[in-house]
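Each remark here refers to the structure printed beneath this line.
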Amino acid sequence: MFILKTIDELKSYRNSLENKTIGFVPTMGALHKGHLSLISKSKEQNDVSIVSIFVNPTQFGENEDFSKYPRNINKDLELCKISGVSAVFLPSTEELYPSSDEVILIPPKNLTNKFEGSLRDGHFSGVLRVVLKFFNLIKPHNAYFGKKDAQQLLIIKKMVNDLFLDINIIGCPILRDSNNLALSSRNIYLDSTAYNKALQIPKAIEGVSKAVLGKEINARVIEKIALKELKELDVDYCNVVDLNLDSIEVIKEKESLLLIAVRIDNTRLLDNFWF
Ligand code: PAF
């Protein structure tokens, strides 16, 4: 497995790949089984799989957890190696952001002025900046993102569409632990009390899933079913929306999703259900 730390190293590796299909999995490290499932999908669909590990400062707000975001590079590299990753791109901040005054990207208003976007000012602009840099450097054919960060996935798809990028964006299913909590690098912040509280989130998802199997299609009823399970948590949002993130009255298969974000102590946890 190649470990590429500079843009020059990455470019010369990329040039050596010629006609191979390239799969790309961007990450901020602290890899868990969710990331490994993206890597495994990439390996299945491409000749070469490249993973980036970079805790991107431009997507963290001033009062967010950039400095304490979990970092465990040796373990991450080991996991990449065991998973059969072809190369890891491990740039420094200076390498990726050489200029303090650079072109930035403004994500579309309608996808950004709500949910994570309204609570985390500048977050999606920072995500697009770094993802576009990666896309331009790595030139992947396919790029893999978890459906857990649903809003991020939709905004990245929109960027690829609007900027005519020739890259397939593949959204991959949420992976859950043995108690059905969605895997996230931030789960590490939860002590046992917080973890037990967090289990109300998968209960809400299960309640919604059962209701949908029972043919419930009313979006407000579905939100109420979820909120009933979340009643002891600080809920940032729990809304049924379409793929433009607009509120809807009635769910439609493959065109709607329930978005949930809660705060437990200082940790924000996201989950969602794609109908
Ligand atoms: O989802 C993440 O881990 C990050 O937002 C990403 C896509 C790696 C960009 O920093």
Side-chain angles (χ1 to χ4, degrees), residues 4 7 10 22-39 41-42 49-61 64-73 75-77 79-80 83 85 87-97 102 104-105 107 111-112 115-117 119-138 140 142-160 163 165 167-175 182-189 259 261 267-272:
L4 313 164
I7 289 175
L10 176 68
I22 319 290
F24 171 47
V25 180
T27 81
M28 298 206 299
L31 301 184
H32 52 65
K33 285 188 181 143
H35 297 110
L36 302 187
S37 74
L38 306 183
I39 293 173
K41 194 84 202 152
S42 169
S49 290
I50 302 178
V51 171
S52 63
I53 300 179
F54 179 67
V55 185
N56 173 35
T58 64
Q59 69 186 75
F60 288 80
E64 293 185 17
D65 56 346
F66 174 69
S67 55
K68 71 168 184 137
Y69 194 83
R71 291 162 171 88
N72 196 341
I73 197 61
K75 185 171 166 224
D76 288 347
L77 290 175
L79 285 171
C80 287
S83 311
V85 167
V88 175
F89 182 40
L90 199 62
S92 64
T93 303
E94 295 70 33
E95 192 72 15
L96 223 48
Y97 291 106
E102 62 169 29
I104 58 164
L105 289 159
L111 284 177
T112 312
F115 306 118
E116 290 309 286
L119 296 164
R120 303 184 66 189
D121 197 24
H123 170 68
F124 288 117
S125 172
V127 169
L128 292 188
R129 263 166 92 177
V130 81
V131 168
L132 186 59
K133 282 173 192 258
F134 286 141
F135 283 174
N136 286 332
L137 290 166
I138 293 171
N142 300 302
Y144 299 82
F145 294 84
K147 282 188 170 175
K148 190 175 78 64
D149 294 308
Q151 191 171 8
Q152 166 172 285
L153 175 62
L154 294 170
I155 292 175
I156 288 170
K157 280 190 172 172
K158 176 91 172 119
M159 172 176 78
V160 164
L163 300 185
L165 303 181
I167 300 171
N168 298 314
I169 301 299
I170 295 148
C172 300
I174 297 177
L175 252 74
L183 295 185
S184 160
S185 304
R186 289 188 168 100
N187 290 356
I188 211 165
Y189 299 148
L259 295 175
T267 305
R268 291 190 70 248
L269 297 174
L270 308 188
D271 206 335
N272 56 62

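We count ligands from 1, going down the list as the structure has it; atoms in each ligand are counted the same way. In this text, all values refer to a predicted model and were calculated from it rather than measured experimentally.
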Contact check: Gln59 vs ligand 1, nitrogen or oxygen atoms, below 3.5 angstrom: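 N/O-N/O distance below 3.5 Å exists for this pair.
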
Nitrogen or oxygen of Gln152 less than 3.5 angstrom from that of ligand 1: yes

Point-to-point distance, once rounded to the nearest 0.5 Å, from CZ of Phe135 to CG of Leu165: 7.0 Å

Atom pairs and distances, side-chain donor-acceptor, residues 29-39, under 3.5 Å, sequence neighbours left out:
residue, atom, partner, partner atom, Å
His32, ND1, Gly34, N, 2.9
His35, ND1, His32, N, 3.0
Ser37, OG, Gly34, O, 2.7

Qualifying residue, where the test is side-chain hydrogen bond (donor to acceptor under 3.5 Å, both in side chains) with Glu64 and the options are Gln59, Arg120, His123: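 The option that passes is Arg120.
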
Shortest protein contact, atom 3 (O) of ligand 1 (heavy atom only):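 Checked against all protein heavy atoms, atom 3 (O) of ligand 1 sits closest to Met28 CG, 3.7 Å.
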
Shortest non-hydrogen contact from Ala182 toward Lys148: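 Scanning both residues completely, I find the closest heavy atoms to be CB-CD, 3.7 Å.
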
Asn56 and Tyr97 side chains, donor-acceptor separation under 3.5 Å: yes

Ligand-side contact atoms (ligand 1) for residue partner Pro26, heavy atom cut-off under 4.0 Å: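 Those of ligand 1 that fall under 4.0 Å from Pro26 are 8 (C).
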
Where ligand 1 meets Val130 - atom numbers and elements under 4.0 angstrom, heavy-atom basis: 9 (C), 10 (O)

